[in-house]
Amino acid sequence: MTDPTMAQTNAVGVVSDDLRTAVRAAVARRSDWHGLLWFARHLALAAAAATGVVASDNPVWLATTLWLLGLTLVTLFAPLHECIHSTAFKHRGLNRVVAAICGTVLLISPTWFRAFHFNHHRYTQDPDRDPELMRAKPRTRWQYVRHLSGLPTWYAAISTLLRLAVRRERPPWLTRRELHQASIEARAGLALYVGLAAFAPSVFLAWAAALLLGEPLRRAWLMAEHTGCALAPDMWRNTRTVTSLPLLRMLTWQMGYHNVHHAWPGVPFHALPAIDALVAERTVERESGYIVTHQALYDALADRAANASLQDS
């Protein structure tokens with residue numbers, strides 16, 4: 001499958017020479033150093049939170065440290081995402097190894113996710129072809145809360161792993177060769193989880209609890225990328241950029257700059273803010289924080305519910 005490395009020009013529109021030069025320079029700056037530094041820092045935060053869990057001597061401290069551990073674990077989705085784009089590291093081998101680590105933590109086959117995600121890039125916000133739209137987005141406030149809980153996500157993740165492990169079906173975005181590799185990854189992951197539950201149950205329970213507690217953050221972050229945006233091929237309208245606090249930008253590997261990422265998927269994560277500064281005036285969907293974003297999304301659901309009530313009355 002071809003990696004969409006440079007510009008998806010049919011949706012980006014006219015690109016100036018200066019911008020084209022900046023993008024090419026950014027793509028050329030993919031490096032192992034940046035990826036290793038960010039990944040080491042991410043793992044250090046996870047280790048610190050895990051140490052807090054082990055040292056917990058009361059339920060409140062245990063819940064707090066498990067939540068902090070969960071935040072560092074669910075945001076490993078960010079380096080997984082960068083690795084399948086080959087933008088986390090310069091060398092392919094490092095991208096594959098780190099993708100395998102992150103995917104194992106999050107119950108995701110990297111091969112399956114690569115194929116799924118590249119189709120999302122090709123058909124962003126196309127209701128018939130974007131795989132992210134196969135599951136309906138929240139249309140009511142109850143569905144919104146349920147989605148943010150993360151419970152449907154974990155059900156889907158486990159179901160997908162089981163289907164891949166037994167090769168029960170082949171999603172349309174997977175080739176037969178990719179299905180074979182994804183099946184191997186799913187079986188290896190399931191074997192690891194069963195072994196962990198059998199031989200280190202306390203570690204298994206802490207990992208599972210942390211993921212459950214941290215998942216609402218990942219749902220909020222990912223939901224903000226496209227939900228409520230135009231169902232159209234124009235990337236400046238179908239994708240949202242959300243600026244946020246430095247710590248959150250670090251944990252999400254700068255993926256709040258999502259317009260730029262969709263326009264030029266080959267730009268490495270550490271170069272996204274600089275490119276975003278060059279195209280800020282083009283970005284239709286831009287918010288200054290996730291709280292503001294979700295307040296707008298929730299209000300839109302409330303307005304929809306009110307309109308429905310008026311029509312029914």
Side-chain angles (χ1 to χ4, degrees), residues 39-40 42-81 83-84 96-117 135 146-171 174 178-222 251:
F39 192 54
H42 204 129
L43 292 183
L45 290 173
T51 301
V53 171
V54 173
S56 297
D57 56 2
N58 64 75
V60 174
W61 181 244
L62 177 60
T64 301
T65 53
L66 276 173
W67 177 71
L68 292 173
L69 177 60
L71 298 188
T72 63
L73 294 184
V74 298
T75 48
L76 285 174
F77 184 84
L80 169 63
H81 168 267
C83 285
I84 65 102
R96 287 178 174 174
V97 169
V98 173
I101 293 170
C102 298
T104 300
V105 172
L106 296 171
L107 288 78
I108 298 173
S109 156
T111 299
W112 175 90
F113 179 59
R114 182 181 297 109
F116 176 98
H117 189 67
R135 288 193 295 272
R146 182 171 175 269
H147 183 79
L148 281 187
S149 75
L151 295 178
T153 298
W154 291 123
Y155 175 80
I158 295 171
S159 298
T160 297
L161 274 186
L162 291 173
R163 289 198 302 271
L164 288 174
V166 300
R167 301 183 67 164
R168 182 177 177 181
E169 62 182 73
R170 179 167 66 89
L174 273 183
E178 289 168 338
L179 176 61
H180 176 70
Q181 180 61 33
S183 179
I184 293 173
E185 293 168 354
R187 292 170 186 173
L190 289 170
L192 177 62
Y193 307 143
V194 171
L196 191 64
F199 298 105
S202 59
V203 174
F204 177 84
L205 289 174
W207 164 69
L211 289 180
L212 288 172
L213 289 172
E215 185 60 24
L217 172 69
R218 179 163 65 130
R219 288 301 100 208
W221 154 37
L222 296 180
L251 285 172

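The residues of the chain are indexed from 1 along the displayed sequence. Predicted model only: the values in this text are computed from it and were never measured.
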If only atom types and distance count, is the side chain of [X] paired as donor or acceptor with the main-chain N or O of [Y] below 3.5 Å?
X      : Y      : answer
Ser183 : Leu179 : no
Trp207 : Val105 : yes
His117 : Ile84  : no
Ser149 : Leu151 : yes
Thr111 : Gln181 : no
Ser159 : Ala156 : no
Arg187 : Ala165 : yes

Compare every heavy atom of [Y] with every heavy atom of [X], then report the nearest pair and how far apart it is.
X      : Y      : answer
Leu213 : Trp67  : O-CD1, 3.5 Å
Glu215 : Gly150 : CG-CA, 3.5 Å
Leu73  : Ala210 : CD1-CB, 4.1 Å
Phe113 : His81  : CE2-CA, 4.0 Å
Leu68  : Ala49  : C-CB, 3.9 Å
Trp154 : Leu106 : CZ3-O, 3.6 Å

My understanding is that only residues two or more places apart in sequence, or in another chain, count here; which of them pass salt bridge (Lys or Arg N to Asp or Glu O under 4.0 Å) with Glu185?
none
Between Thr72 and His42, is the side chain to side chain donor-acceptor pair (under 3.5 Å) condition met? List the steps.
CA-CA 7 Å; Thr72 63; His42 204 129; 5.6 Å; no
Taking the side chain as everything from C-beta on, heavy atoms only, tell me whether [X] gets closer than 4.5 Å to [Y].
X      : Y      : value
Leu190 : Leu162 : yes
Arg146 : Pro152 : yes
Leu45  : Leu251 : yes
Phe204 : Phe199 : no
Thr104 : Tyr193 : yes

Under 6.0 Å from the CZ atom of Arg167, do we count more than 12 heavy atoms belonging to anything else shown?
yes
About how many Å separate CG of Leu211 and CG of Leu107, when rounded to the nearest 0.5 Å?
7.0 Å
Arg170 to Trp112 six-membered ring, cation-pi geometry met (6.0 Å, 45°):
no
Ser56 and its side-chain contact (heavy atoms from CB on, under 4.5 Å) partner, picked from Leu66, Leu62, Thr51:
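Only match with Ser56 under side-chain contact (heavy atoms from CB on, under 4.5 Å): Leu62.
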